[in-house]
Amino acid sequence: MDLTDILKAVKEGKMDLESAEQQARGLGFVSYMDIAKLDSHRKSRTGVIEAILADCKDPDDVVEIARVMVAESKEPLLQGSRQGISKP
């Protein structure tokens with residue numbers, strides 16, 4: 001369900017405002033295991049792409065998170081890596 005569907009459901013009385021708010025808050029977020037919750041709409045909202053804080057994560061997890069980001073937004077940004085992790 002995208003934002004248009006949520007707004008139509010509210011307008012048509014098929015969804016209450018509280019449910020619509022909960023649905024809308026989850027739009028644009030992609031979870032990766034229990035390690036990351038990626039904001040794939042950050043750039044469109046703020047003008048800045050989502051970054052992966054790599055120094056507190058296992059290198060294999062950083063690679064997988066970057067793969068999810070590439071699939072969702074096409075622009076991963078790695079930040080804070082002490083182990084020299086590069087873009088996939």
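Remember, it's a predicted structure, so these values are computed and weren't measured experimentally.
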Margin query: Please check this pair: side chain of Glu50 against backbone of Asp39, looking for a donor-acceptor N/O pair closer than 3.5 Å.
Written below: yes

Notebook entry, point to check: Of all residues at least two apart in sequence or in a different chain, which pass the side-chain hydrogen bond (donor to acceptor under 3.5 Å, both in side chains) check with Asp5?
Noted result: none

Item checked: Partner set under side-chain hydrogen bond (donor to acceptor under 3.5 Å, both in side chains) for Glu64, not counting sequence neighbours -> Arg67

Check: What's the shortest heavy-atom distance between Val68 and Leu38, and which atoms?
Finding: CG1-CD1, 3.4 Å

Check: Can you name the nearest heavy-atom pair linking Ala24 to Leu3, along with the distance?
Finding: CB-CD1, 4.4 Å

Taking distance alone, no hydrogens or angles, what donor-acceptor pairs closer than 3.5 Å link side-chain atoms of residues 6-15 to residues at least two apart or in another chain?
residue, atom, partner, partner atom, Å
Glu12, OE1, Lys14, NZ, 3.2

